[in-house]
Every structure is written in C-alpha cells, then in structure tokens.
Participant: 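The structure is given below, and queries will be raised subsequently.
Counting convention: from 1, in listed order, for ligands and their atoms alike.
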Amino acid sequence: MSIITIIQSLALSIGLGILLRYIVRYVLFLYAFFIRSPINIKKYGSWVVVTGATDGIGEAYCHEFAKKGLNIVLISRSLDRLKTKASEIENKFKVQTKVISFDFNTTDDSKYQGLFKQLTGIDIGILVNNVGISYDHPMYLEELQPATIESLINLNVRAATVLSKFLLTSMVEKKRGVIINLSSVSGITPIPLLTVYSGTKAYIEKFSLALNLEYASKGIFVQCVTPGIVCSKMSKIRRPSLFVPNPTNFARSAVSTIGFDRLTTGYWSHEIQAFFLRSLPSFIVDKLMLDMHLGQRKRALNKKKSQ
Ligand SMILES: NC(=O)c1ccc[n+]([C@@H]2O[C@H](COP(=O)([O-])OP(=O)(O)OC[C@H]3O[C@@H](n4cnc5c(N)ncnc54)[C@H](OP(=O)(O)O)[C@@H]3O)[C@@H](O)[C@H]2O)c1
Ligand SMILES: *[C@@H]1O[C@H](CO)[C@@H](O)[C@H](O)[C@H]1NC(C)=O
Ligand SMILES: *[C@@H]1O[C@H](CO)[C@@H](O)[C@H](O)[C@H]1NC(C)=O
C-alpha cells in the first residue's frame, strides 16, 4: 500500500467515525424524546417536594407529578397563593398536598430548621430544586445592586444546596430518591449582561453532576435540567412557540426524562438549541449572546423611560 492510500483510508475512517457519532446522537435524541416510555416514578416514594411551586415551571412540575398520583409539598412565599394552588391540585388530581410558606432569600441557615421540621416524617421520593430568580433586565455587573446579587446567590445557589443536603440523608437511608436541579442553558454557555445568573446556573450544573458521582451507587438519581426559554413570569414571554414551550408541555416532557438522563434540557427543541450552542465555534455563540442581550437591555431601558 502506498502512503497516499494509507492517508486516504485513514481520513475516510475518521470521517466515517465522526458521521457515525452524529448519527448515534441523533437516534438517541429521537428515542429519548419521542419513543422511550417513562419509568414508574412512584417507586421512589409517595411525596414530591417542589420549591417555587406556585408559578411557572414549578407549578407545572407539581401538576405533572400529581397527574401520576404523587402527593405534593408546595413551597414558596405567599401562603394565600400556596393554599389556592394546593386545593386546585387536590380537586383536579385527588392526591394529598402540604403547603409550606418559606422565603429562601436568606443567608441564615438556621431559618431552614423550621422548614426541615415540617418535612420530617414524610416519605419524600423526589425533590425539585426549582426556585430561582433572574435579573429584571440584562445589565452590566457595575449596574447590579448588591441586594440583587445577594438574592441571586441565596435563591439560585444556597436554597438548592441546603435543601438537597437535608433530604439526602433520608434518601440514602431508604436507598432511593431523585433530586432535580433546575439550571438553564445559560449554565451551558456564558451569558453576557446576566453574569451572576449565568454563574449561579453553572454552579448548579457542576454540583449536580459531581453529586451524582458521589451518590449514584447509593440509589440516588441526581438530574440537572437546563431549559432554554419557557413561557413564565421570569422569561416575560407569554405566547408559546416552537422553541418556547408553555410550562405544562415543558414539565410533561421533563418528567419523562427522570431516571434516564442526568443532564438534559428536558425538551426536544431545547435539546436542538443546546446542541448548536455546544458545537458552534464559541466566537459565533458569544457574539450572538452579546448582541441578543444588548438588544434586550436597550428595549427594557426604552420601555422604562417611556413609562
Ligand atoms: N422561564 C424560563 O425561561 C427559564 C429558563 C431556564 C431556567 N429557568 C429556571 O427555572 C426555574 C423556575 O423559573 P420560572 O420561570 O418558572 O419562575 P417564576 O415563574 O418566576 O416562578 C417563581 C416561583 O418561585 C417562588 N419564589 C420566588 N421567590 C421566592 C423566595 N424568595 N422564596 C420562596 N419562593 C420564591 C414564586 O412564588 P412566590 O412569589 O409566592 O414566592 C414562584 O412560585 C428557575 O430556577 C429558573 O432559573 C427558567
Ligand atoms: C433578599 O434579601 C435582601 C437582604 O435582606 C434584600 O435586600 C433583597 O431585596 C431581597 N431580594 C428579594 C428578591 O426579595
Ligand atoms: C443539586 O444536586 C445535588 C443533588 O443533591 C445537591 O446536593 C446540590 O447541592 C444541588 N444543588 C446545587 C446547588 O447544585
């Protein structure tokens, strides 16, 4: 064999290898979102705890779990709203609920003792660390108020960490449990003008994946969900579209990935977006993100001026 033919066949095999890799990924993607049947999530325990349960993605998760016959503990600040949302769930799905009013915006871990007390003695199979906030609008770090930085870290980082640690103990004893952490695509790729939000979501992603390595052998399934944009108060988008699902469709899809995918966007069209964010050269993605958020910032400031 001449050197040319060796190089040619080498190049051909590398090309075929890369192609095969993409084909396998594509088939796995189709299987995960359109073919695979979900596991029986009741096997982890009869109760689910959801933080930030009264609106958006958290509320939709509650409904999806209740539809599958699980009892729900709802946690957020407003007791009135908690009661309304809980009785909606009880009437519609005939399951039990429990509400806990708690403000996660605190650096004082001792405040959590009251919350822990109300969670003891319940057979909790699944924890959804969903509570989280973002900026009012994209901003430079210098413009960000110290109070906003503090709340971002309290809600997006501290709440999930403290609560997971508490519930892990009983899950490890029972050798079963699921912890779901809501990150975001902005944990996958750096988002300019939302630096602190982006950073807190990257923390969630790394912590979830690392914790998985610690606890997978102890029967705990830790999942990190990194959605793109979902209609909600936080995203300020009301009308669903191909790439912006409403929370109900998002949660139905995300719940069906429990027990299988440890890192997922939770929704098929977000999976396609994440694929491109990960594979395009970073100078393209970075420019796209910067332009997009500078635009959002400008529109938000103009709107404020005209009010
Ligand atoms: N929407 C998106 O496009 C999107 C994309 C990627 C990731 N995510 C992530 O998904 C999660 C949920 O987002 P979302 O859009 O559904 O949010 P949302 O609609 O703003 O809902 C927030 C929920 O959290 C509660 N909450 C807010 N502050 C709280 C506090 N200090 N203590 C306790 N509870 C509090 C709210 O109820 P009260 O006000 O009554 O407390 C409400 O139930 C977040 O972690 C977010 O980062 C969202
Ligand atoms: C969170 O708490 C800090 C300190 O008490 C406060 O300044 C900030 O406004 C609070 N943030 C939210 C979102 O309530
Ligand atoms: C998310 O996942 C693990 C699983 O329990 C948890 O311990 C970790 O602290 C959670 N939160 C964050 C902030 O990643």
Side-chain angles (χ1 to χ4, degrees), residues 49-64 72-86 88-89 99-108 111-112 114-115 127-136 144-163 180-189 191 194 196-205 208 223-241 243-251 254 264-267 269-271 273-274 277 296:
V49 176
V50 181
T51 67
T54 46
D55 217 327
I57 296 175
E59 182 182 10
Y61 259 109
C62 291
H63 281 235
E64 189 60 28
I72 318 281
V73 181
L74 299 93
I75 311 179
S76 61
R77 282 169 305 182
S78 151
L79 191 59
D80 285 345
R81 276 228 315 212
L82 280 164
K83 284 181 178 160
T84 315
K85 300 288 179 179
E88 243 173 65
I89 292 174
V99 300
I100 304 176
S101 150
F102 188 74
D103 187 350
F104 287 105
N105 182 22
T106 174
T107 47
D108 182 2
K111 290 227 175 92
Y112 278 79
L115 174 64
L127 163 67
V128 186
N129 286 312
N130 163 77
V131 72
I133 52 165
S134 185
Y135 293 22
D136 183 38
L144 208 57
Q145 295 299 319
T148 313
I149 297 180
E150 197 180 315
S151 8
L152 277 159
I153 295 175
N154 285 342
L155 286 156
N156 296 10
V157 173
R158 196 183 304 274
T161 310
V162 176
L163 212 52
I180 300 171
N181 289 329
L182 261 287
S183 177
S184 151
V185 279
S186 50
I188 296 179
T189 181
I191 309 283
L194 292 177
V196 181
Y197 179 74
S198 184
T200 60
K201 291 302 176 182
Y203 169 92
I204 294 279
E205 182 177 331
S208 304
Q223 185 187 49
C224 179
V225 185
T226 59
I229 300 171
V230 177
C231 297
S232 84
K233 249 194 228 156
M234 179 194 280
S235 66
K236 300 194 177 76
I237 298 181
R238 297 233 151 74
R239 228 164 46 113
S241 60
F243 288 104
V244 185
N246 66 30
T248 306
N249 290 339
F250 174 80
T264 176
T265 59
Y267 194 74
S269 63
H270 289 170
E271 204 63 29
Q273 283 177 323
L277 286 180
Q296 278 183 16

Participant: Using a heavy-atom cut-off of under 4.0 Å, does the side chain or the backbone of Ser151 touch ligand 1, or both, or neither?
Facilitator: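 Looking at Ser151 and ligand 1, no heavy atom falls under 4.0 Å.
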Participant: Under a heavy-atom criterion of less than 4.0 Å, does Lys201 contact ligand 1?
Facilitator: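 Contact present.
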Participant: Considering only the protein, which heavy-atom contact is closest to atom 33 (C) of ligand 1, and what is its distance?
Facilitator: Phe102 O, 3.2 Å
Participant: Using a strict cut-off of under 4.0 Å between a residue heavy atom and any atom of ligand 2, list the qualifying protein residues by chain and number.
Facilitator: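 Residues Asn105, Ala147, Glu150, Ser151 each place a heavy atom under 4.0 Å from ligand 2, listed by chain and number.
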Participant: Under 4.0 Å, heavy-atom basis, I'd like to know which part of Ser76 is in contact with ligand 1: side chain, backbone, both or neither.
Facilitator: both
Participant: For Leu155 and ligand 1, does the shortest N/O to N/O distance drop below 3.5 Å?
Facilitator: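 No, since none of the N or O atoms of Leu155 sits under 3.5 Å from an N or O of ligand 1.
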Participant: Any nitrogen or oxygen of Ser184, main chain or side chain, under 3.5 Å from a nitrogen or oxygen of ligand 1?
Facilitator: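 No, since none of the N or O atoms of Ser184 sits under 3.5 Å from an N or O of ligand 1.
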Participant: Under 4.0 Å from atom 48 (C) of ligand 1, is there any protein heavy atom?
Facilitator: yes
Participant: For Ile133, check side-chain contact (heavy atoms from CB on, under 4.5 Å) against everything at least two apart and list the hits.
Facilitator: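 Here the qualifying residues are Ser151, Leu152, Leu155, Asn156.
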Participant: Please report which non-hydrogen protein atom sits nearest to atom 8 (N) of ligand 1, along with the residue it belongs to and the distance in Å to one decimal place.
Facilitator: Tyr197 OH, 3.9 Å
Participant: Which heavy atom of the protein is the closest neighbour of atom 13 (O) of ligand 1, given with residue, atom name and distance?
Facilitator: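 The closest one turns out to be Met234 CE, 4.0 Å.
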Participant: Compare every heavy atom of Val99 with every heavy atom of Leu82, then report the nearest pair and how far apart it is.
Facilitator: O-CG1, 3.6 Å
Participant: Check this for me - ligand 1, Phe104, N or O atoms closer than 3.5 angstrom, yes or no?
Facilitator: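 In this structure, Phe104 places an N or O atom under 3.5 Å from an N or O of ligand 1.
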Participant: If you have a sec, work out which protein heavy atom is nearest atom 40 (O) of ligand 1 and how many Å separate them, to one decimal?
Facilitator: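 Closest protein heavy atom to atom 40 (O) of ligand 1: Ser78 N, 3.4 Å.
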